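Step one of this worksheet: look at the structure below.
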Amino acid sequence: MLTTAPRGMNDVLPGESRRWQAVEETARRVCRLYGYGEIRTPVVEHTEVFTRTVGEATDVVQKEMYTFQDKAGRWLTLRPEGTAPVARAYLQHGLDKGPQPFKVFYLGAPMFRHERPQAGRYRQHYQFGVEALGTLDPALDAEIILLVHHFLSELGLGSLRVHLNSIGDERCRPAYREKLRDFLRPRLEELCPDCRGHRFEKNPLRILDCKVRTCRAVVREAPRLLDHLCDECREHFRTFQSYLKDLGLEFRLDTSLVRGFDYYTKTVFEVVYTGLGAQSAVCGGGRYDGLVEALGGPATPGIGFGLGLERLLLTLERQGLLAAEAGAGVEAYVCALGALARRQALGLLDGLRRAGVAADVDYLGRSLKAQLRAADRAGARLALIVGEDELARGLVTVRRMADGAQDQVALAQVVATVARRLAGQADAASEVATRASGSPRGEEKP
RNA sequence: GUGAGCGUAGCUCAGCUGGUCAGAGCGCGGGACUGUGGCUCCCGAGGUCGCGGGUUCAAAUCCCGUCGCUCACCCCA
């Protein structure tokens with residue numbers, strides 16, 4: 001089938017792409033406010049970048065990666081996430097020797113996961129991600145949360161819930177893991193098959209956020225990881241939370257919050273919107289103090305998040321915060337009648353564009369009526385009509401679309417006049433009104 | 001990988017107790033207004049009814065298969 005995109009991969013058409021641009025512009029602006037520079041890494045990485053960091057046992061690595069061999073036999077993978085590549089670039093370019101923390105964001109390039117698509121989940125999807133490497137300071141954890149919150153607020157989403165937890169590090173988590181196993185072992189019968197089986201063996205922490213009712217009942221009695229953190233992790237988490245409180249940022253402690261990648265340590269968080277269906281996490285992230293080391297670099301702490309743009313757009317839509325789909329945003333539309341006029345019109349069009357006026361023209365040889373309709377749909381504020389009458393007298397009819405007022409301007413002056421009227425709307429209104437010759441019959445559009 | 005629902009014009013869908021069933025609204029093109037948009041009215045273009053097979057005198061309508069989409073599980077942004 002040559003007429004459908006691959007499963008779970010979508011086109012973003014012009015009408016919709018403006019919404020994406022609005023979100024992306026906001027992201028860039030906020031990142032600049034917080035001192036984060038943009039990083040662009042390849043869409044493809046050596047497979048090991050992910051297997052050694054995300055974790056061999058995770059679902060993403062085991063069954064969701066697009067992995068292939070190139071012609072030289074190297075194993076490559078379409079990146080399923082954005083943090084490991086950033087850490088790789090950090091090492092490759094010796095950025096650990098530069099000023100710390102190293103603060104970057106990424107935006108605009110896709111991630112790939114081979115899963116069954118559903119609402120808010122796609123095989124090719126886009127994330128806005130922010131990473132800060134090189135310091136353990138809990139104030140940076142707070143900054144990251146603040147940045148997300150700031151970003152979402154700018155889009156009108158101030159009220160999303162922030163879930164927080166700490167999952168310890170390599171000093172305290174192994175001991176807790178055993179404690180949890182000890183607790184669960186006598187209750188295995190009460191757990192669901194998934195939890196009873198591979199989760200208990202490979203990653204018992206995942207049982208903490210299993211959604212099966214019986215599992216949740218068991219887990220409610222389980223020892224809490226938060227109560228078994230080592231001194232450093234406990235102190236880090238305590239300080240981090242106190243910063244958030246000082247800053248007045250609301251959050252909710254969620255002791256069952258466990259993230260799906262092995263590289264997470266200490267702070268983990270999610271920003272949740274329940275109106276999305278099953279995929280409620282709009283944003284997820286946390287600290288990854290062992291990640292750089294796992295790639296063969298020096299022990300280097302880091303923290304960051306990924307924010308799913310499709311999910312964000314979906315959330316904005318559900319909340320009624322999206323602008324209507326818009327046209328190309330042309331300011332002036334040139335209407336030509338007849339072959340000779342058309343010649344004139346193309347020159348006029350070129351002049352307008354070079355003067356910085358977004359302009360378009362009819363390419364279908366349509367009637368004036370149809371050309372004006374096209375001008376209307378394109379969102380043009382002015383229509384410039386060149387017909388035989390105008391041609392003969394060296395004039396152009398300038399029609400204001402909002403109310404139909406129109407006058408005639410000498411061809412040589414049109415570009416300057418149009419530019420001036422578009423620049424100063426009030427001036428243009430009075431200017432045209434005094435010389436109006438058109439018949440204002442429609443009401444103004446909203 | 002598992003389960004459920006759905007696949008009819010560009011879009012949203014009606015038609016589905018088998019026999020004027022190939023339709024509506026929106027969109028698109030044209031006209032009413034021989035050179036003037038948004039409103040109204042009129043006309044028009046556009047569909048192998050996802051695909052393949054079966055049942056039947058007859059299938060968009062029933063059955064089987066297949067592909068695709070959607071939602072959910074798993075997991076995640």
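Predicted model, so just to flag it, every value in this text is computed and none were measured.
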Indicate, with a heavy-atom threshold strictly under 4.0 Å, whether A:R373 touches base, sugar-phosphate, or nothing. sugar-phosphate
Side chain A:E390 and base B:rG35 donor-acceptor under 3.5 Å: yes
Of B:rG35, B:rG30, B:rC75, the nucleotide closest to the side chain of A:S367 is B:rG30
message: At less than 4.0 Å, is any side-chain N or O atom of A:R7 found next to OP1 or OP2 of B:rC67? Yes or no.
response: no
Gap in Å between the two P atoms, one belonging to B:rA60 and one to B:rG18, rounded:
13 Å
- Could you check whether A:G120 gets within reach of a base, just the sugar-phosphate, or nothing at all, counting any heavy atom under 4.0 Å? base
Result for salt bridge (Lys or Arg N to Asp or Glu O under 4.0 Å) between A:E45 and one of A:R52, A:R88, A:R79 points to A:R88
Does NZ or CZ of A:R32 come closer than 6.0 Å to the centre of the six-membered ring of A:Y34, within 45° of the ring's axis?
-> no
Once you measure the plane-to-plane angle for A:Y263 and A:Y288, does it fall in the parallel (<30°), tilted (30-60°) or perpendicular (>60°) bin?
perpendicular
Next item on the list: Tell me what A:R116 touches on the nucleic acid: a base, only sugar-phosphate, or nothing, going by heavy atoms under 4.0 Å.
Entry: base
Remember a base hit wins even if backbone is also touched, and classify A:E270 as base, sugar-phosphate or nothing at under 4.0 Å, heavy atoms.
nothing
Between B:rU36 and A:R400, is there an OP1 or OP2 to side-chain N/O distance shorter than 4.0 Å?
no
Ignoring backbone atoms, test whether A:R259 places a side-chain nitrogen or oxygen under 4.0 Å from the OP1 or OP2 oxygen of B:rC75.
no
Practice problem: Determine, stepwise, if the pair A:Q344 / A:L391 fulfils side chain to side chain contact (heavy atoms under 4.5 Å, CB included). | Solution: CA-CA 8 Å; A:Q344 193 85 266; A:L391 211 53; 3.2 Å; yes
Can you check the distance between B:rG19 and B:rG52, where both ends of the measurement are the P atom (answer in whole Å)?
22 Å
Side-chain contact check for A:K369: nearest option of B:rC73, B:rC75, B:rC33 is B:rC33
> For A:V60, which contact category applies under a 4.0 Å heavy-atom criterion: base, sugar-phosphate, or nothing?
Replying inline: nothing
Margin query: Would you measure the distance from the P atom in B:rG65 across to the matching atom in B:rA77 and give it in whole Å?
Written below: 38 Å
Closest to the 5' end of RNA chain B, once A:G308 and A:A370 are matched to their nearest nucleotides, is A:A370
query = In whole Å, what separates the P atom of B:rG23 from that of B:rG68?
reply = 32 Å
Phosphate OP1/OP2 of B:rG29 contacted by A:R366 side-chain N/O (<4.0 Å)
yes
Checklist line | base_contact_polar (B:rU36 base, A:Q406 side chain, donor-acceptor, <3.5 Å) | finding: yes
Next on the checklist: Under 4.0 Å from OP1 or OP2 of B:rU70: is there any side-chain N or O of A:Q118 that close?
Outcome noted: no
Inter-nucleotide P distance (B:rG50, B:rC11), Å rounded: 13 Å
Applying the 3.5 Å cut-off to both distances, the Watson-Crick or G-U partner of B:rC6 turns out to be B:rG68
Quick check on A:Q21: does its CD atom have over 12 non-hydrogen neighbours (other residues, nucleotides or ligands) under 6.0 Å away?
yes
Assign each of A:L364 and A:D389 the nucleotide of RNA chain B bearing its closest heavy atom; nearer the 5' end lies the nucleotide of A:L364
Minimal heavy-atom distance between A:R421 and A:L382, with the atoms involved, is CB-CD1, 4.3 Å
Problem set entry | Same-atom distance (P) from B:rU8 to B:rC13, integer angstrom | 9 Å
